[in-house]
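The structure appears right after this line, and notes come after that.
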Amino acid sequence: MAEAGSFAEKVKQQADIVRVVGEYVRLKKTGKDFSGLCPFHQEKTPSFTVSPIKQIFYCFGCGKGGDVYNFVMDMEKCEFPEAVKVVAEKCGIALPRQKERSPEARKENQQRTVLVEMHREAQTFFVKQLEGTPEGKAARAYLEDRGLDQDAIARFGIGYAPSGGDALLRQLKPKYNEKLLVDSGLVSRDQSAGRLFDRFRRRITFPISNESGKIVAFGARALGDDMPKYLNSPESPIYSKSNVLYHMDRAKEALRRQDFAILVEGYMDAIAVARAGISNVVASCGTSLAEQQIKLLGRFTRRVIVNYDPDVAGQSATERSLSLLLEHDFEVRVLALPPVGNKKADPDLFIRERGKDEYLKLLKEAPPYVDYLIARARQMDLTTGEGKQRALNFLLPYIQKIPSGILRSEWATRIAQQLRIDEPLLRSALGKAAKERRSEIKTGPELIGRAAKPVERRLIRMLAEAQGFRQELAKHLQNARLYHGLETEKIFAALVIASLSGQPVQATEVGALLEERDRRLLFEILFEEANEPTWEEAMSCIEALQHRQAEQELADVQRSIEANPAAPELRGLLEKKQQLMRRLAAAR
Ligand SMILES: [Zn+2]
């Protein structure tokens with residue numbers, strides 16, 4: 001974030017959020033604020049609001065909100081430093097000269113540049129091998145047999161690594177030293193003799209590009225029966241397989257436009273789907289998805305249709321990926337393709353045999369992940385109690401990850417029906433599991449409501465904005481522990497800490513410390529119409545909270561009295577009750 005005194009902070013102070021946002025969204029002045037149609041979700045009436053005074057934005061529909069940098073990061077799908085650059089340019093502020101990097105950093109950077117160049121050369125080499133050699137001819141015949149014509153070969157840069165064992169090596173050796181060659185992963189070293197040789201031999205090659213379209217690795221499929229069938233580049237200074245999604249560089253635009261991704265397992269599947277005219281496809285290029293890959297994808301869309309292979313490995317990869325996607329708040333559907341003839345079908349085989357229209361149709365009908373999981377659970381033996389228990393245990397972890405309580409409840413009913421499980425029993429199991437793993441369950445936006453009471457909202461607003469007495473107010477609240485147990489407790493706690501620091505309170509930064517539902521509530525409160533706060537008003541809000549505290553104490557005392565009427569401390573409890581009742585009566 002924008003640290004005090006940093007360039008980012010200077011830019012933020014000079015930039016006008018209304019002007020910057022206005023370049024993306026048509027804004028209309030409404031009172032003190034501006035509003036328009038939200039660029040982050042589909043809507044017909046404007047719920048997207050920008051405050052020139054607070055220099056923040058918030059959408060009452062989807063809950064996105066923050067400062068000018070958050071807006072640009074979401075809009076341009078970029079990281080913070082890039083957003084600073086964009087805003088600076090828009091406001092005509094000159095960027096500071098890049099600091100000279102440390103010698104090591106510069107060396108690493110140089111090495112990466114060289115490795116990328118080496119991969120570019122290897123790509124040219126593989127393509128030439130496929131086009132112009134007798135061995136390449138056999139490879140082309142194989143590709144044609146798989147339905148990959150000249151057009152597809154050119155479009156996806158498919159090539160061929162010959163069987164010789166050192167053809168690429170001979171090509172690269174004059175230009176690069178041995179260490180670089182080995183570091184690139186294109187060349188391996190023989191363990192015993194220490195001799196160098198080509199990593200890929202007698203294989204069809206598929207270039208794997210990073211997000212910006214630079215080739216950083218290769219995937220290679222054996223032409224004959226060589227094992228393994230698929231061999232990829234090892235991890236290298238320019239390639240980490242958990243950071244890269246195959247076809248991402250070409251899918252970006254379509255992902256953004258269509259706002260969903262099709263996730264497949266391998267490059268052959270991605271190529272088949274892309275050739276069917278569906279560009280928003282990416283492949284994980286490994287059996288299951290890694291966290292960084294999900295984050296990369298999440299910059300473009302939060303909706304995914306998982307279409308992995310139907311075999312056992314594919315099924316468990318699907319389930320592992322589901323868990324991870326749900327944890328990252330993705331909306332997930334699952335496409336499990338029906339067999340073609342008696343063969344289990346991956347996307348590649350299915351499209352070749354049944355055509356792209358059939359595939360598109362199934363894609364449109366792909367069920368939400370819970371349906372897929374129920375279907376999987378139904379394949380288990382449900383005739384015995386243990387079998388049902390197993391099915392339920394299989395489903396539970398996923399159900400718990402559904403953020404919305406309403407949806408969770410609906411699914412409970414459906415599961416009970418489909419698995420023929422007693423519904424109250426199922427609900428209590430869900431409830432119990434939820435309690436034990438509370439931290440894993442998040443509350444969805446539809447449950448937020450406007451729960452906070454007016455007094456709490458007013459105090460929150462004052463803590464955020466009342467420059468004159470914010471610090472004093474924070475002390476009062478903290479000393480009397482007045483916000484403990486409130487629904488808004490965490491918002492108060494964050495604001496009190498910020499106010500006590502004596503620094504200006506930045507809504508975006510406080511928001512970043514909060515859970516999603518609290519962050520949203522904070523922004524909603526900040527955008528409410530409100531009068532100038534006064535100390536008198538603050539004090540009357542505090543009194544209201546004290547009153548509430550006394551009421552609660554009274555209820556607690558009453559409960560203790562009822563629970564344990566013969567206890568020796570009964571006398572003390574009765575006295576306390578009288579005291580509290582007097583205090584409450586006096587306040588009225
Ligand atoms: Zn929105």
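Side-chain atoms are counted along with the backbone in the values below, which use heavy atoms only and exclude waters and symmetry mates. Note that the structure is predicted; figures quoted are calculated from it, not measured. As the structure lists them, so they are numbered: ligands from 1, and atoms in each ligand from 1.
- Residues satisfying the ring pair (Phe, Tyr, Trp, His ring centres under 6.0 Å) test with Phe330, not counting sequence neighbours, are none.
- Identified under the salt bridge (charged side-chain N to carboxylate O under 4.0 Å, His left out) test for residues 273-285, with sequence neighbours left out: Asp149-Arg275.
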Pairs under 3.5 angstrom only: tabulate donor-acceptor contacts from the side chains of residues 54-61 to other protein residues two or more places apart or in another chain.
| from | atom 1 | to | atom 2 | distance (Å) |
| --- | --- | --- | --- | --- |
| Lys54 | NZ | Leu526 | O | 2.9 |
| Gln55 | OE1 | Ile17 | N | 2.9 |
| Gln55 | NE2 | Asp16 | OD1 | 3.4 |
| Gln55 | NE2 | Pro52 | O | 2.9 |
| Tyr58 | OH | Arg520 | O | 3.3 |
| Tyr58 | OH | Glu524 | OE2 | 3.3 |

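- Close placement of the Tyr24 and Phe71 rings is indicated, their centers lying within 6.0 Å of each other.
- Taking distances strictly below 2.8 Å, the protein N/O/S atoms close to the Zn ion (ligand 1) are Cys38 SG, His41 ND1, Cys59 SG, Cys62 SG.
- Between Tyr483 and Phe492, the ring-plane angle classifies as parallel under the 30° and 60° cut-offs.
- Donor-acceptor pairing under 3.5 Å is recorded for the side chains of Ser409 and Arg427.
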